[in-house]
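These notes are about the structure you will find just below.
Quick note: numbers below take in every heavy atom, side chains included, and nothing from hydrogens, waters or symmetry partners.
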Amino acid sequence: LAKTHKLALAEDTGVFHFKKMTEAVVAPKEMVTVGEGGRVHGAFGALVERCLEVVATSGPSFTDCLEFEDGKLMFNNSAAMQAVTWELLLRTVGIEKLTRLVEESSLIGIVNWSQMGGVPGIWKGLREEILPKVSKARERSVFIDLADPVKRTPADIETGLGDLAALNRVIPVTLGMNLSEAERIDAACGAGGFGKGRTGEDVRAAAIAMREKLGLACVVIHPREGAAAATREGESAWFDGPLTQKPLISTGAGDHFNAGFAIARTLGLGLGESLAAGTAVSGAYVRDGESPTRARLVAFLRELPAPIY
């Protein structure tokens with residue numbers, strides 16, 4: 001195991017305000033331990049350099065990830081994440097700063113609902129206490145990654161999806177899922193989007209059905225072979241991704257897709273172009289073992305096929 005495993009740091013818990021949306025924004029592989037108690041964990045030094053402001057709200061959570069050619073094992077220590085609640089954000093960041101950060105932002109990302117019990121309260125606080133106060137002049141959206149809902153009960157999932165629909169009534173919400181997560185959410189919400197097939201066209205049809213059932217602005221599904229998305233404007237697309245059978249690393253591939261897709265949408269790219277950006281960021285990452293630079297991303301995109309509408 002010592003020779004075949006890769007150790008990956010899962011995620012810190014904090015508020016990130018990005019200053020360069022055209023650069024990949026993911027934590028580096030290197031891990032340098034520093035003190036906590038309000039300080040950002042040293043593993044996120046490169047992230048801090050690319051941000052206007054980073055506010056650490058608690059200590060980091062860790063994942064020991066053992067990757068193999070036929071799968072991986074992930075051992076989570078997520079205790080620190082349970083401390084992150086709306087009340088904690090109000091104490092550590094403050095309502096005025098939170099409002100300012102949202103006022104100055106075009107994209108808001110909230111992730112890991114499946115493991116963080118405080119996320120529903122954060123959604124509600126954003127919906128009721130922040131968004132009504134900010135200017136309508138700037139276009140904003142929220143990107144949601146629930147993470148694997150296998151640990152949540154059907155009642156939890158139903159409530160969470162209702163919360164997202166409520167949030168979508170005040171700000172456009174994009175829900176991003178891998179194939180396994182999408183299958184579970186599809187079954188839970190009764191969209192009936194998935195049949196027996198899992199081709200690109202099947203996944204696109206599922207995205208259309210789930211978006212309509214959930215009442216969200218956009219649903220995006222990213223299996224290993226590519227990605228599909230559907231929007232409330234009636235647009236949908238599938239993009240054949242750059243699948244490789246020998247990735248250097250796979251942990252974090254979905255996060256990289258989310259980053260590429262969400263940033264592309266925020267920058268005004270079309271749906272197919274955004275799917276291409278997401279799969280390219282992810283594809284370059286799993287081959288290189290690090291987040292792509294803009295130059296690497298552009299070169300990688302030039303080798304990919306056109307999206308299918």
Side-chain angles (χ1 to χ4, degrees), residues 10-18 25 27 36 38 40-41 44 47 51-61 76 78-135 138 140-149 151-153 155-177 181 185 188 214-220 254-255 258-259 262 266:
E11 61 184 63
D12 200 357
T13 45
V15 178
F16 304 139
H17 190 202
F18 302 119
V25 186
E36 297 171 4
V40 179
H41 194 282
F44 302 95
L47 174 65
C51 293
L52 287 173
E53 196 166 1
V54 176
V55 182
T57 57
S58 73
S61 292
N76 297 317
S78 58
M81 290 192 290
Q82 304 314 314
V84 182
T85 63
W86 181 245
E87 291 72 24
L88 177 67
L89 294 183
L90 292 181
R91 291 197 306 271
T92 57
V93 184
I95 190 70
E96 292 185 1
K97 177 177 281 191
L98 285 170
T99 302
R100 175 178 62 80
L101 292 175
V102 172
E103 179 72 51
E104 297 172 354
S105 299
S106 298
L107 173 65
I108 304 165
I110 306 175
V111 302
N112 221 340
W113 165 87
S114 67
Q115 294 192 70
M116 295 174 63
V119 166
I122 294 172
W123 291 346
K124 181 179 179 181
L126 182 66
R127 184 182 78 238
E128 296 183 354
E129 300 183 47
I130 301 293
L131 290 171
K133 299 178 182 178
V134 299
S135 168
R138 179 192 292 268
R140 298 181 184 83
S141 65
V142 172
F143 188 94
I144 300 292
D145 180 2
L146 298 176
D148 191 349
K151 298 179 181 180
R152 291 300 193 109
T153 67
D156 285 341
I157 296 174
E158 182 179 0
T159 299
L161 295 177
D163 290 341
L164 287 183
L167 181 59
N168 189 80
R169 287 192 282 271
V170 296
I171 188 172
V173 172
T174 293
L175 175 60
M177 299 165 284
E181 293 161 358
I185 297 300
L214 296 173
L216 303 179
C218 180
V219 164
V220 57
D255 297 323
N258 291 341
T266 302

Looking only at heavy atoms, the pair that brings Leu126 and Pro132 closest together is O-CD, 4.2 Å

Salt bridge (Lys or Arg N to Asp or Glu O under 4.0 Å) partners of residues 117-134, not counting sequence neighbours, each pair once = none

Distance, nearest 0.5 Å, that separates CD1 of Ile95 from CG of Leu89 | 9.5 Å

Taking all non-hydrogen atoms of both residues, which atom of Val134 and which atom of Thr99 are closest, and how far apart?
-> CG1-O, 3.9 Å

Mind listing the closest non-hydrogen atom pair of Asn112 and Ala147 along with its distance?
-> OD1-CB, 3.6 Å

Dump the intermediate steps for side chain to side chain contact (heavy atoms under 4.5 Å, CB included) on Val119 and Val111, then the final yes or no.
-> CA-CA 8 Å; Val119 166; Val111 302; over 6 Å; no

Spacing of CG belonging to Leu88 relative to CD belonging to Gln82, to within rounding of 0.5 Å = 12.0 Å

Within 45° of the ring axis of Trp113 and under 6.0 Å from its six-membered ring centre, is that where the NZ or CZ of Arg152 lies?
-> yes

Which atom names give the shortest non-hydrogen contact between Val102 and Arg140, and what distance separates them?
-> O-NE, 2.9 Å

Which distance, rounded to the nearest 0.5 Å, do you find between the CD1 of Ile110 and the CD1 of Ile144?
-> 4.5 Å

Please list, one pair per line, the donor and acceptor atoms closer than 3.5 Å that link side chains of residues 159-174 to other protein atoms, with sequence neighbours excluded.
unit_1, atom_1, unit_2, atom_2, d
Thr159, OG1, Ala155, O, 3.0
Asn168, OD1, Val173, N, 2.9
Asn168, OD1, Ala217, N, 3.0
Asn168, ND2, Gly215, O, 3.1

Using a 4.5 Å cut-off on heavy atoms from C-beta on, say whether the side chain of Arg91 contacts that of Thr57.
-> no

How close do Thr266 and Ser106 get, heavy atom to heavy atom, and via which atoms?
-> CG2-CB, 3.8 Å

Is the closest side-chain heavy-atom distance between Asp255 and Asp145 below 4.5 Å?
-> yes

Answer whether the closest heavy-atom distance between the side chains of Ile185 and Met177 falls below 4.5 Å.
-> yes

In terms of heavy-atom contacts, Ala79 and Ser61 come closest through N-OG, 4.4 Å

Are the side chain of Ser114 and the backbone N or O of Asp148 linked by a donor-acceptor pair below 3.5 Å?
-> yes

Point-to-point distance, once rounded to the nearest 0.5 Å, from CD of Glu87 to CD1 of Ile122 = 9.0 Å

Measure the CD-NZ distance between Gln115 and Lys151 for me, rounded to the nearest 0.5 Å.
-> 4.5 Å

Can you tell me how far the CD1 atom of Ile108 sits from the CZ atom of Phe143, to the nearest 0.5 Å?
-> 13.5 Å

Pair Arg138 + Glu104: basic N to acidic O under 4.0 Å = no

Flag yes if more than 12 heavy atoms outside Glu158 fall under 6.0 Å of its CD atom; otherwise flag no.
-> no

